[in-house]
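Down below is the structure, laid out as structure tokens.
We number each residue from 1, following the sequence as shown.
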Amino acid sequence: MRVESPDGSVVTEFGLTDQGQPTLVVHSAETTVVERSPLGLRTFEESFVDGLSIKHRERRMVETKYETPAGKRRMHHSLANEATVMLVNTNDAVIRVDLRVSTDGAAYRYRLPGCNSVLVTDEESAFRLPEGARGWLMPFEKKHEDVWRSTAPTEADGQYSFPSLFEVDDRWVLLTEAGVDGRYVASRFETETEESLFRVRFPDSENHRMTTETQDVSTTRPLATPWRVAIVGDLATVVESDLVTDVIDAPSYGNDPCRIADTSWIEPGRVAWSWWSDGGSPGDRETQREYVDYASERGWEYVLVDEGWEREWLSGLVEYANERDVDVLVWSRWSDLDTPAKRDVRLSRWKAWGVAGVKVDFMNSDTQEMMRFYDDLAAATADHELLLNVHGSITPKGLRRRWPHLLTYEGVFGAENYHPVPKTVPPEHNVILPFTRNVLGPMDYTPVTFSAETRTTTVGHELALSTVFETGLQHFADSVESYAAQPLAEEFLEAVPVAWDETRFVGGYPGTEATVARRRGDSWFLGTITAGEPSTVDVACNFLDENGTYRVEVFRDDDTGESLAYDERELSHEDTFSIDVSENGGFAAVFRLQG
């Protein structure tokens with residue numbers, strides 16, 4: 001059975017083998033990007049892996065429209081063709097497979113009917129990559145904070161975090177999951193050398209730490225599992241895709257849409273943050289006041305008071321900040337919010353003080369129990385109208401469509417790794433993230449760290465991260481003094497938004513260059529980051545409106561790579577401009593439409 005995207009650019013083939021096992025093939029522009037791959041699910045009572053037959057099929061078109069406070073865009077619209085295949089095993093037990101295909105990829109999930117409890121023991125779900133594919137993978141780590149590496153699928157061995165990116169001829173495929181909540185687990189990939197088959201694997205059971213036994217999923221019917229997702233197309237399609245959120249809460253099945261009736265209190269913003277430059281500073285009230293003053297001067301919306309703040313003075317700091325049009329976010333360990341009683345006491349208290357949001361840290365687990373915690377935490381913070389930032393966390397699964405106040409996740413090897421024990425963040429890693437981790441959703445990398453001792457990137461590269469990396473809360477991590485020493489950087493960071501109306505991939509290649517343009521109103525902000533030898537970056541301006549001329553302010557490296565230079569020019573839709581960048585360099589630019 002073939003299911004195509006509305007424009008015909010993505011084609012899937014669903015079928016059964018001679019042994020009755022379901023399989024799936026994915027094509028993009030006539031290139032096979034996922035070869036015939038197995039599907040299937042096992043429960044404690046039944047196996048839906050082989051011996052299956054098709055009992056019924058149905059097709060439909062799904063149109064999705066929704067709004068988010070932040071993201072690659074705030075207004076979302078997608079069209080997809082969808083098929084549901086009802087399968088029965090030799091015991092006449094039923095499983096349904098939903099297959100959705102849109103212009104930016106394909107996704108599938110399983111549904112089990114009924115109204116009783118069910119124990120899912122594993123999935124047979126996997127993706128087989130064609131011979132000769134090239135991959136960009138992140139080895140699995142419980143915080144999802146490892147460095148991305150370029151690896152051929154046949155050379156990969158072990159477990160890898162979602163997502164995984166592959167180049168197949170001139171097409172691209174990004175593999176991940178969407179829709180994970182407390183009814184399931186967050187999964188990962190597992191593969192062996194010479195195989196090129198990436199299997200969906202459940203997390204290890206935390207009750208069997210010395211074994212490789214995976215956790216079963218204890219849930220209830222009717223069950224809709226998370227989606228297994230393949231974003232496919234050219235690089236622009238991958239970078240610009242919202243497929244991970246598009247598939248959430250399909251109305252065909254009665255799932256809840258956004259679970260917050262009034263979202264007017266959810267405000268994305270830029271955040272001043274003292275912990276990165278001085279780990280003990282969150283415990284010092286006067287230092288926090290300095291950061292409040294600086295955020296107010298810059299027009300930034302928030303200050304984050306990280307681990308170590310004191311109850312005795314925090315409410316006074318919030319009052320001080322609010323008088324200066326700055327809101328305060330506070331840090332909490334997850335274990336201080338892991339029961340209803342703890343959440344009620346602490347969240348109520350913080351809200352009464354005037355706190356605007358919470359950074360919750362150290363979950364470090366993909367188990368079903370932790371997914372239930374995320375559900376409870378999202379609901380409780382929404383009830384108190386507190387913004388949510390999760391660290392030591394899973395990577396995004398599209399759930400900000402249900403909980404739009406969940407403005408950012410960590411789940412990335414970011415600038416925190418410069419401290420407290422200095423590590424090097426490879427420039428190539430930065431230049432892979434726009435094509436991989438940040439495709440899934442907001443990424444709390446905590447960028448623009450000029451003073452990092454082990455930094456090998458230029459200041460132009462660091463400044464451009466504020467635009468290249470998307471997140472609903474953008475934590476500018478360096479000190480007041482470091483930013484004050486770069487007045488051109490201060491000027492750009494005063495202007496750059498964090499909520500966008502449109503995102504366009506302009507050019508680049510994973511690990512070499514990433515140039516991304518984002519629009520807010522009539523203005524465009526562009527960032528370019530590179531890794532490797534000095535080069536010349538050519539920027540085609542065809543993302544600009546065809547009618548009009550733009551005044552362009554360019555913030556680039558000077559000859560040293562440790563300070564910024566500035567120039568202006570006028571450009572229009574038809575133009576291309578070139579910038580010479582230093583080794584591991586970059587630049588940022590603002591395009592303002594002229595009246």
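Taking the centre and axis of the six-membered ring of Phe543, the NZ or CZ atom of Arg504 falls outside the cone set by 45° and 6.0 Å. For the pair Arg199 and Phe189, the cation does not sit on the ring face, since its NZ or CZ is not both under 6.0 Å from the ring centre and inside 45° of the axis.
His391 pairs in a side-chain hydrogen bond (donor to acceptor under 3.5 Å, both in side chains) with only one of the listed residues (Asp361, Asn364, Asp444), which is Asp444. Among Phe492, Trp300, Tyr302, the single residue meeting the ring-ring contact (aromatic ring centres under 6.0 Å, His included) criterion with Phe476 is Trp300. The only member of Thr408, Asn438, Val468, Asn430 that meets side-chain contact (heavy atoms from CB on, under 4.5 Å) when paired with Tyr445 is Asn430. None of Arg109, Arg201, Lys397 except one satisfies the salt bridge (charged side-chain N to carboxylate O under 4.0 Å, His left out) rule with Glu177; the exception is Lys397. Checking each of Arg518, Arg520, Arg73, Arg74 against Asp501 for a side-chain hydrogen bond (donor to acceptor under 3.5 Å, both in side chains) leaves exactly one that passes, namely Arg74.
Considering CZ of Phe14 and CZ of Arg36, their distance stands at 10.5 Å, rounded to 0.5 Å. Taking OG1 of Thr367 as the reference point, atom CZ of Phe373 lies at 11.5 Å (rounded to 0.5 Å).
Aromatic rings from Tyr184 and Phe202 are positioned such that their centres are separated by under 6.0 Å. The six-membered or imidazole ring of Tyr509 lies near that of Trp136, with a centre-to-centre distance under 6.0 Å.
By the neighbour-count criterion of 12 heavy atoms within 6.0 Å, atom CG of Asp522 is sparsely surrounded, having that number or fewer from other residues, nucleotides or ligands.
Looking only at distances, a side-chain donor or acceptor of Thr503 sits under 3.5 Å from a matching main-chain atom of Lys72. In this structure, the side chain of Arg519 engages the main chain of Gly521 through a donor-acceptor pair within 3.5 Å.
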